[in-house]
Amino acid sequence: MKTKIWRLAMLGFACLLFTQCEHSVVAPPQRIFRELTPLEKSLVESDNKFGLKLFREVNRGEADRTKNVFISPLSVSMALGMTLNGANGGTLAAMQETLALAGLSTEEINQSYQSLIELLVQLDPKVKFQIANSIWHRDDYTFEPDFIKRNQTYFNALVRALNFADPRAKDIINGWVKESTNNLIDKIVDEVKRDHVMFLINAIYFKGVWTYQFDPAKTEDELFTTLDGATRPCRMMHLNGDLRYYDNAAFQAIDLPYGEAGFSMTILLPRVRTQIDSLIAACTPEDWASWMEGFAAQKVELAMPKFTTQYEIKLNDALTALGMGVAFTGAADFTRMFSPGGLAIDEVKHKTFVKVDEEGTEAAAVTSVGIIRTSLPQTISMRIDHPFLFAIRENHSQTILFLGKVMAPEQ
């Protein structure tokens, strides 16, 4: 009889413990944040609009439809934001239009970036989020003091003159990149060309631990179905509980918080795996905002793959398609950077890295702008076992930090 009572007591304790574990997933801890200023809100809206446009264009231009795609709109925006301080005339107007910053003065743009950087890096003490900016220029060129000062003041940019003829110049720049991304990205500059006069570089590093971590003991070998219907093995993680969930006729979505829920990963899983590119093409800022407001706590049995993705792209074609082609031509006007003129953007190069596992997410991005002389409550099953989209975003300002497409998880 005593043994039976003991077993019942232990069963009751186990049930209570399980209930408490499930309940612990109901609501992330709430933190009080300051209100965004009207300028900050405008900048976030502009960055997200630009980011979604850029992601659509990059995806559209990717010849290999089976390739994973991963970009950081924030990194690209900041690198071009620094460059914007040197643009003038039609080049300035084209860059503002492309970045969705038309109607804002350069001063307003700079102030908004400055305050947004300060907000993002201090937002969640349990998430490591770093933003670094730098400008590397030829030591025999004298650039406009106002251009240099603006980028030092508002972007906290490191400014350093180098002997671009020295083969070690690119190693010095890449050393800064490696350090600023915690060794995730080891280089962005492959060569310093004879006509190069400047590199404007943004680096972002993110490391977030899931608010509700996946139990490694529940991770299993399973199958992921690719775009063509083939299957490949993957390590599938599992998490059950009340999670922020949303769905509609086109996709299911889950929002997984990091740390104190200042940041999260949002995953959009198309109902049919072959619809992923259609979903990307149709994703407007208005749709995105509506979807993000639609999340609510639901009981979810989640299965998602561990994955690691590296991506690299030259953004010249995408940015040209979005309206700033003049900046890459001999007609470019960067006289606010170098008063004699005769400068243009050689290339906008972008590299990213992301690793997602049971503990959380580690991600990094680097963007380099090279300047040259020219002449209902229910248990819902969600198995992320086919191509999907994902974003890493900051929830207070709603800034999209990273956007990605996983066609197949890489181990």
Side-chain angles (χ1 to χ4, degrees), residues 38-58 60-61 71 73-116 133 135 143-151 153-155 157 197-202 284-286 314-350 367-375 399-400:
L39 278 178
E40 287 172 337
K41 291 178 181 178
S42 179
L43 179 65
V44 170
E45 289 175 4
S46 296
D47 276 356
N48 289 351
K49 183 178 180 180
F50 165 68
L52 291 168
K53 284 194 307 180
L54 181 64
F55 186 60
R56 290 197 301 269
E57 189 61 37
V58 168
R60 187 190 65 80
I71 68 170
L74 182 64
S75 177
V76 178
S77 174
M78 283 197 178
L80 291 175
M82 288 195 294
T83 310
L84 195 74
N85 280 295
N88 213 349
T91 302
L92 175 61
M95 292 184 70
Q96 285 181 301
E97 186 67 31
T98 297
L99 291 169
L101 295 170
L104 293 177
S105 68
T106 303
E107 187 70 18
E108 289 174 328
I109 294 170
N110 284 330
Q111 289 178 356
S112 299
Y113 273 120
Q114 182 184 40
S115 57
L116 186 61
N133 294 302
I135 295 176
F143 293 91
E144 292 299 307
D146 187 60
F147 165 77
I148 298 296
K149 184 178 179 181
R150 283 174 180 270
N151 282 307
T153 300
Y154 296 110
F155 291 86
V197 298
M198 179 180 288
F199 292 95
L200 300 99
I201 302 178
N202 167 270
T284 66
E286 293 74 23
K314 183 177 175 180
L315 291 172
N316 294 32
D317 290 344
L319 292 169
T320 296
L322 294 179
M324 57 171 280
V326 65
F328 299 96
T329 71
D333 184 351
F334 285 103
T335 50
R336 292 199 305 154
M337 179 188 300
F338 185 65
S339 58
L343 301 184
I345 297 177
D346 174 48
E347 66 176 4
V348 178
K349 193 173 180 182
H350 189 56
T367 304
S368 170
V369 180
I371 303 294
I372 58 168
R373 299 173 297 188
T374 55
S375 288
T399 301
I400 299 173

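Any value given below was found using the heavy atoms of this structure, including those in side chains, with hydrogens, waters and symmetry copies removed. All residue numbers in this chain count up from 1 along the given sequence.
In this structure, the separation between CZ on Arg60 and CG on Asp317 is 9.5 Å, given to the nearest 0.5 Å. Atom NZ of Lys349 sits about 10.0 Å away from atom CD1 of Ile201, to the nearest 0.5 Å. Here the OG1-CZ distance, from Thr335 to Phe147, works out to 11.5 Å after rounding to the nearest 0.5 Å. Atom CE in Met198 sits 13.5 Å away from atom CZ in Arg373 (nearest 0.5 Å). Expressed to the nearest 0.5 Å, how far OG1 of Thr91 lies from CE of Met337 amounts to 10.5 Å. Atom CE of residue Met95 and atom CD1 of residue Ile345 lie 4.5 Å apart, to the nearest 0.5 angstrom.
Of the residues Thr399, Asn48, Leu101, the one that meets the side chain to side chain contact (heavy atoms under 4.5 Å, CB included) test with Leu43 is Leu101.
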What's the verdict on side-chain contact (heavy atoms from CB on, under 4.5 Å) for Leu116 and Asp47, showing C-alpha distance, side-chain angles and the deciding distance?
-> CA-CA 11 Å; Leu116 186 61; Asp47 276 356; 4.3 Å; yes
Apply side-chain contact (heavy atoms from CB on, under 4.5 Å) to the pair Phe143 and Ile135, showing each step before the final yes or no.
-> CA-CA 11 Å; Phe143 293 91; Ile135 295 176; over 6 Å; no
Verify side-chain contact (heavy atoms from CB on, under 4.5 Å) between Leu319 and Leu54, making sure each step is shown before the conclusion.
-> CA-CA 8 Å; Leu319 292 169; Leu54 181 64; 4.2 Å; yes
Go through the steps to decide whether Val76 and Phe50 satisfy the test side-chain contact (heavy atoms from CB on, under 4.5 Å), and finish with yes or no.
-> CA-CA 10 Å; Val76 178; Phe50 165 68; 3.8 Å; yes
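For the pair Leu80 and Leu84, the minimum side-chain heavy-atom distance is 4.5 Å or more. Tyr154 places none of its side-chain heavy atoms less than 4.5 Å from the side chain of Asn85. Residues Leu315 and Ile71 fail the side-chain proximity criterion, which asks for heavy atoms closer than 4.5 Å. Proximity of Pro285 to Glu45: side-chain heavy atoms (C-beta onward) are nowhere separated by under 4.5 Å. Contact annotation: the side chain of Val197 never approaches that of Phe334 to less than 4.5 Å [non-hydrogen atoms, C-beta and beyond].
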Hey, can you pull the donor-acceptor pairs under 3.5 Å for the side chains in residues 320-330, sequence neighbours left out?
unit_1 : atom_1 : unit_2 : atom_2 : d
Thr320 : OG1    : Asn316 : O      : 2.8
Thr329 : OG1    : Val326 : O      : 2.9
Thr329 : OG1    : Ala331 : N      : 3.2

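The backbone N or O of Leu104 sits less than 3.5 Å from a side-chain atom of Gln96, completing a donor-acceptor pair. When atom types are taken as modelled, the side chain of Tyr113 and the backbone of Ser77 share a donor-acceptor pair closer than 3.5 angstrom. In terms of modelled atom types and a separation under 3.5 Å, the side chain of Thr153 and the main chain of Arg150 share no donor-acceptor contact. Distance alone, capped at 3.5 Å, is enough to place a donor-acceptor pair between the Ser46 side chain and the Ser42 backbone.
No hydrogens or angles considered: nothing links the side chains of Asn202 and Thr367 as a donor-acceptor pair under 3.5 Å. Neither side chain, Asn133 nor Asn151, offers a donor N or O lying under 3.5 Å from an acceptor on the other.
Every side-chain contact (heavy atoms from CB on, under 4.5 Å) that Arg336 has, sequence neighbours left out, goes to Asn88, Leu92, Thr106.
A 6.0 Å sphere centred on NZ of Lys53 holds more than 12 heavy atoms belonging to other residues, nucleotides or ligands.
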